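Order of the sequence lines fixes the chain letters, A, B, ..., with proteins taken first and strands second; residue numbering starts at 1 for each chain. Predicted model, so just to flag it, every value in this text is computed and none were measured. Reckoned from all heavy atoms, side chains included, excluding hydrogens, waters and symmetry mates.
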Number of protein chains: 2
Amino acid sequence: MSLRHAVLAALIQGEASGYELTKRFDVGVANFWHSRPQQLYAELARLHGEGLVRAVEVVQESRPNKRLYSLTDTGTRALVDFAAGPLRPTNLRDELTVAVQCADVVEPGALLAHLGRRADEAREKLAALRRTETSILSGRDEEEFVRTTGHLGPYLTCRRGIRYEADTQEWCEWAAGLIRAKERATRPS
Amino acid sequence: MSLRHAVLAALIQGEASGYELTKRFDVGVANFWHSRPQQLYAELARLHGEGLVRAVEVVQESRPNKRLYSLTDTGTRALVDFAAGPLRPTNLRDELTVAVQCADVVEPGALLAHLGRRADEAREKLAALRRTETSILSGRDEEEFVRTTGHLGPYLTCRRGIRYEADTQEWCEWAAGLIRAKERATRPS
DNA sequence: ACGAGCATGTAAGCAGTTACATGATTCA
DNA sequence: TGAATCATGTAACTGCTTACATGCTCGT
């Protein structure tokens, strides 16, 4: 149960409803924590019950009402304790790479399609993350930013995401290239 | 339950015992699938029961006996079907990045220690993966390799791992640098 | 004498996924 | 008229983790 820390950490970037959090978990947060909406709603309810977040009901017209969650002092302290303690190793599960590992036994067609789709997704995520980066920096260069910001953390994780997605895109295209090269070298014989 | 596909895919690189598989899951496979030893043993037993792998008991002196598992035709077909079908999105959970997201509220000390440790781990994994790469290529350049190999898949995933670990190392060091810079810029004031 | 490596599991519990449920508004 | 967005959940299930268990050999 350390989804709680990911949720609290996501709230550092400002208050959000459950629904808005699912959006954050689709772009920025996706590069360090994966979770389904149902789990987020459940976790937010638990965090609220334990006093780690506060909830403000916002009544909306022409739209369902929503609860805006934000960090309490207790919640912030929980984050501090978490970051000071031992961290679990990275937990990664990527079916695309599993499929690529099978490149020698499966037909190239489906594999190339998967790689192409993933490269496209990476390109889209990159664009979104670059927009986030620009809005975090808001015109400052890196040196000035570091001196003046209160959002160094989100910037660092945003950069991590940008590097990751760029790398993913490159690798997908490179791998597709080699798979095609092998096909050309093998099939005609 | 798609750990099964990761296990089958790992066996493409040759037969292995449960124990040897846990080693593979610590180095190469770790870059696309994470799993604990107990789960591997349980999965291997299930795969054996379903006929997707065969098991050969190897009697050893001065060491406990082991069961060497290898892919059956049915197992290979299961992999082919998997790679042809739809793939789930990447599932990533990384507590280090969660901690870094909190850079503005936590003390830099613990964070810098975490980043340093992770950078060291990345350096070690990189070294191991480079050895794997060398042994896969075995003297051939990339062009020749692609023409002559039956292990393109393992090479592609190995390269993915190399890129990922190199990127991780760089990011950890860069992030630590910015955190220190912010500390210098903020604390003395 | 002690820890690390080899080798394989069981059992209990928690975290995460999948399927299902609801309903209004806005845009094509 | 139908799909997408906003907004929040419940219930059943399964996959994963944690704790525990065993025992031999090799190197320091």
Is the shortest side-chain N to carboxylate O distance from B:Lys66 to B:Glu20 below 4.0 Å?
yes

Atom-to-atom span, CZ of A:Arg88 to P of C:dC14 - whole angstrom
13 Å

Terminal axes of the helix from C:dA1-D:dT28 to C:dA28-D:dT1 (5 end pairs apiece), angle rounded to 10 degrees, sit apart by 50°

Between the side chains of A:Asp73 and A:Thr76, does any donor sit under 3.5 Å from an acceptor?
no

Using modelled atom types only, decide if a donor and an acceptor are shared between the side chain of B:Thr22 and the backbone of B:Tyr19 within a distance under 3.5 Å.
yes

Tell me the interatomic distance from A:Glu95, atom CD, to C:dT17, atom P, rounded to whole angstroms.
12 Å

When A:His34 and B:Tyr69 are each assigned the nearest nucleotide of DNA chain C, the 5'-most assignment goes to B:Tyr69

Within the 4.0 Å heavy-atom criterion, would you say A:Arg4 contacts the bases, only the backbone, or no part of the nucleic acid?
nothing

Counting only side-chain N and O atoms of B:Tyr19, is one of them less than 4.0 Å from OP1 or OP2 of C:dC6?
yes

Could you check how far CZ of B:Arg67 sits from C1' of C:dC6, rounded to whole Å?
14 Å

When we call it a touch if two heavy atoms are under 4.0 Å apart, what does A:Arg93 touch: a base, just sugar-phosphate, or nothing?
sugar-phosphate

Specify the separation, in whole Å, of atom CG of B:Asp26 and atom C1' of C:dA4.
15 Å

Leading and trailing nucleotides of DNA chain D with any atom under 4.0 Å from heavy atoms of chain B
D:dG15 to D:dC26

For B:Pro64 and A:Arg63, find the nucleotide of DNA chain C closest to each by heavy atoms; which residue's nucleotide sits nearer the 5' end?
B:Pro64

Only one of A:Arg123, A:Arg118, A:Arg180 passes salt bridge (charged side-chain N to carboxylate O under 4.0 Å, His left out) with A:Glu173, and that residue is A:Arg123

Answer with yes or no whether the side chains of A:Thr168 and B:Arg160 bring together a donor and an acceptor at under 3.5 Å.
yes

Kindly say if B:Lys23 contacts the phosphate of C:dC6, meaning a side-chain N or O under 4.0 Å from OP1 or OP2.
yes

Distance check needed: C:dT10 C1' versus B:Arg36 CZ, whole Å only.
17 Å

Is it the case that the side chain of B:Arg88 and the backbone of A:Glu95 share a donor-acceptor pair, with hydrogens and angles ignored and the cut-off at 3.5 Å?
no

Using whole Å, report how far NE2 of B:His48 lies from P of C:dT8.
13 Å

For a quick check under 3.5 Å, do B:Gln169 and B:Asp120 share a side-chain donor-acceptor pair by atom type?
no

Need to verify one output field. Residue with the more 5' nearest nucleotide on DNA chain D, A:Gln38 or A:Gln60?
A:Gln60

Does a donor on one side chain sit under 3.5 Å from an acceptor on the other, for A:Arg93 and B:Thr90?
no

Atom CG of A:Asn91 to atom P of C:dC14: distance rounded to whole Å?
19 Å

Check whether more than 12 heavy atoms from other residues, nucleotides or ligands sit under 6.0 Å from atom NE2 of A:His48, and answer yes or no.
yes

Taking atom P of C:dG16 as reference, at what distance in whole Å does atom CG of B:Leu3 sit?
17 Å

If a pair satisfies ring pair (Phe, Tyr, Trp, His ring centres under 6.0 Å) and one of its residues is in residues 73-120 of chain A, list it, with sequence neighbours excluded.
A:His5-A:Phe82

